[in-house]
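In what follows, every chain begins at residue 1, and chains take the letters A, B, ... in the order their sequences are listed.
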Amino acid sequence: MADDKKLTTRAVDFSAWYNETVLRAELADYSPVRGCMVIRPRGYGIWERMQRQLDTAFKDTGHQNAYFPLLIPESFLRKEAEHVEGFAPQTAVVTHGGGKKLDEPLIIRPTSETMIYAMFAKWVQSYRDLPLLINQWANVVRWEMRTRLFLRTLEFLWQEGHTAHATEAEAEEETRRMLNVYRDFMEAWMAMPVVTGLKTDSERFAGAVRTYSCEAMMQDNKALQAGTSHNLGQNFARAFDLKFQSESGSTEFAWNTSWGVSTRLVGGLVMTHGDDFGLRIPPFLAPIELVIVPIWRNDEDRTRVLETARSILADLSGWERRKTGKLRVHLDDREGMKPGAKYYEWELRGIPLRLEFGPRDLDANQCVLVRRDNRVKRTVTLDSIGEDVSDLLSIMQTDMRVAAFDRREANSIRGGITYDRFREVMEGDGAFVYAGFCGSATCEQTIKEETKATIRVLPDEEFRSAEAPETCLRCGAKSVVEALWAKAY
RNA sequence: CGGGGCGUAGCGUAGCCCGGUAGCGCGCCUGCUUCGGGAGCAGGAGGUCGCUGGUUCAAAUCCAGUCGCCCCGACCA
C-alpha cells in the first residue's frame, strides 16, 4: 500500500478503502494498545468542529456543561439491573491504586448514568430544581472484541447529555427534542441524511424505557447508528433515589433522559462522502475549507506568484461566513513538490476547494477553483474571489447532502418484498428495506440469524411508506408496525 | 474464546525450505535541474531481523517457548 499511490477502491474492498483513507488522510493512527487509536490533528480538527456546533445547539436548548469523574464505584453499576447486565461484560476495572489492592474495585465509565444520577439525587429536592439539563464531553471505555478506527474502539470520545424532569411527558419531549438536534446537525452540517425512529427492545439501551436513534446509510449500504436518545423513565431515579417534592407536596421519582453522539461520527462522515481519491469533507466541518496551490517555473515567477498568493490568502481569510465564521484557508507554499502531487494530497485529505494560481493566472488576474466533491474546475476572476468561494462552499454543502440523500433513496426498498428476495438483497449489495413486522422478538431474532440484517429502527412517521405494509416480512402474520431492516456497523 | 495469517529501516516487502557480509521499492536528508495533475539525476542517513532460550565454529534462516498485531465467527455507539 505504501508505495502504491492509489487507494484500494471502494468497489474492490470497502473495508480496506476505509482503513487506508483514515490512515493516509492522517485522521487517526493505531496506538500501541490493541483496539485503541490516536486521533491525529486532521481527524481531531473535524471532531472539534462537530463539538463546537453541537455544543452551541445544546446550549441553545438550555443545557449546561459539567464534568463527572472517569472512575465509578463498581457497586453503582449494579444498582440498575438491566444496566449492569448490559455493561458489565464490557467494563475495564481498576483493582489497584497507589500500589495497594482497593477495597472496592472502580470501573472506568462505559457511560455515566450511574455517577450522574447519584449526583443528581444530591442536588434535587424540589420540583423547582427541575428540569436539570446537563451535558458532558468525555471519554469512555468499552472493552469491545473487535475494533475499527473511529467506528468501534476501546476508548472513544463523546458527549452524553443527562436530564431530569418532573413529568414523564417532559422527559419524552426532551428525548425527542435531542434526537432532532442530532438529526438537524447530521443533515445540515455533516450532509449526512438519517432515518430516525424507535429501537426495538433487543437494541434498546440497557436501562432505558425507550431508545430512539438516527441511522445513516454508508456507501456499502450498511447502516450506521449515528446517535441515540434515551427516555430512561424512572429506572435510574429509583435505583439512585432521585426524588423531588412536587408542587402538591408529594414525593416523586424524577424522569430522566440521556443522549449521545461520539467520534464514531467521524467514521460516518468518511463512509458517507469519501470517494476513490480519498476523503471528502463537507465545507461546514472542514478544518481547512480552501487550499491555495501556487505554481511557478522559475525564481522570478515564484516571487511574483507567491506574493499575490499571499494577498489572496489574506483577502480570503478575512471573509466571514454567516454560519461557519471566518474562511479557513491554507497556502501550500512547500518547495520541491510539484503542483500535481499537491493536488492529489489535498484531495486525499478531502479539502473542499482548491485554488490553483500560476503565472498565466497572475497576468490575467484570475485563478482556477476546483471543487473536491465533483472535481469540476472553473476559472474565475480575482476581483470577486471571496464571493465566488463563499458561494461555491454553500453550494457544495447542499450538493453533498443531496447526493447522499439520493444515494440512500436509490438503495432503499419499500413495499411488498418477499423474504426470499430480502435474503438475496442482504447477501448481495445490501439495502435499507422497509417491511412489515409482526412485533415478535423471535421473528426479529430469526431474521438476524438467517440474514445478519437487523431492525435498525421502527421509523418515525415521515419515513414510513405511503401504504403501510400488511404482513410481516418473515412469518407472514399481520404486520403491527413498519420496520427498517439493514445490516449494521 | 475458537479458526486462519503475520512480525526484517518510518511504510510495504525479498531473503527462511537448503544456516555463512541483510537486499529492494516508497518515504526521509543534501545538492543541482524541475514545477499548469503523482519530477529527474547524483550523493547520503537509517536495522538489537518481535522477545527469550536452545542447537551450531556460525542463526533473520533450524528447534522450543513467549509476546504482540491483523483477518474470520459469539457482544456493541
* Could you please name the option among B:A77, B:G37, B:G36 that lies closest to any side-chain atom of A:Arg354? => B:G37
* **Under 3.5 Å donor-acceptor pair, A:Arg152 side-chain atoms to B:C76 base atoms** => yes
* **Check: A:Asn65/A:Asn135 side-chain N/O donor and acceptor closer than 3.5 Å** => yes
* Which of the following nucleotides, B:A39, B:A77, B:G37, is nearest to the side chain of A:Ala341? -> B:A39
* Give A:Lys199 one of three labels, base, sugar-phosphate or nothing, depending on what nucleic acid heavy atoms sit under 4.0 Å from its own. => nothing
* N or O in side chain of A:Lys6 less than 4.0 angstrom from B:G38 OP1/OP2 -> no
* Asked: What does A:Gly358 touch in the nucleic acid at a heavy-atom separation under 4.0 angstrom: a base, only the sugar-phosphate, or nothing?
  -> base
* **Nucleotide paired to B:G31 in any strand shown, Watson-Crick or G-U, under 3.5 Å** => B:C41
* To do: Nearest 0.5 Å please: distance from the CZ atom of A:Phe150 over to the CH2 atom of A:Trp47.
  => 10.0 Å
* Starting at atom NZ of A:Lys487, determine the distance to atom C1' of B:C76, rounded to an integer number of angstrom. => 18 Å
* To do: Mind checking A:Val261 for me? I need base, sugar-phosphate or nothing, with any heavy atom below 4.0 Å counting as a touch.
  => nothing
* Measure the distance from CE on A:Met337 to C1' on B:C35 and round it to the nearest whole Å. => 12 Å
* Within the structure shown, what part of the strands sits under 4.0 Å from A:Arg375 by heavy-atom distance: base, sugar-phosphate, or nothing? -> base
* Passes side-chain contact (heavy atoms from CB on, under 4.5 Å), A:Arg378 versus A:Arg371? Steps please. -> CA-CA 9 Å; A:Arg378 263 178 61 191; A:Arg371 291 171 58 155; over 6 Å; no
* **A:Arg456 side chain to A:Glu215 backbone, donor-acceptor under 3.5 Å** => no
* Which nucleotide sits closest to the side chain of A:Pro339: B:G36, B:G38, B:G37? -> B:G36
* **Nucleotide nearest A:Glu144 when distance is taken to its side chain, options B:A77, B:G36, B:G37** => B:A77
* Asked: Relative to the 5' end of RNA chain B, which residue comes earlier, A:Lys448 or A:Arg297, by the nucleotide with the nearest heavy atom?
  -> A:Arg297
* Looking for any heavy atom pair under 4.0 Å, which part of the strands does A:Gln225 touch: base, sugar-phosphate only, or nothing? -> sugar-phosphate
* Asked: Using purine N1 to pyrimidine N3 plus N6-O4 or O6-N4 for Watson-Crick, or N1-O2 and O6-N3 for G-U wobble, both under 3.5 Å, which nucleotide pairs with B:U52?
  -> B:A64
* To do: Please determine, for B:C11, whether a Watson-Crick or G-U wobble partner exists with both distances under 3.5 Å, and give it or none.
  => B:G25
* To do: Would you mind pulling out the nucleotide paired to B:C1, Watson-Crick or G-U wobble, both distances under 3.5 Å?
  => B:G73
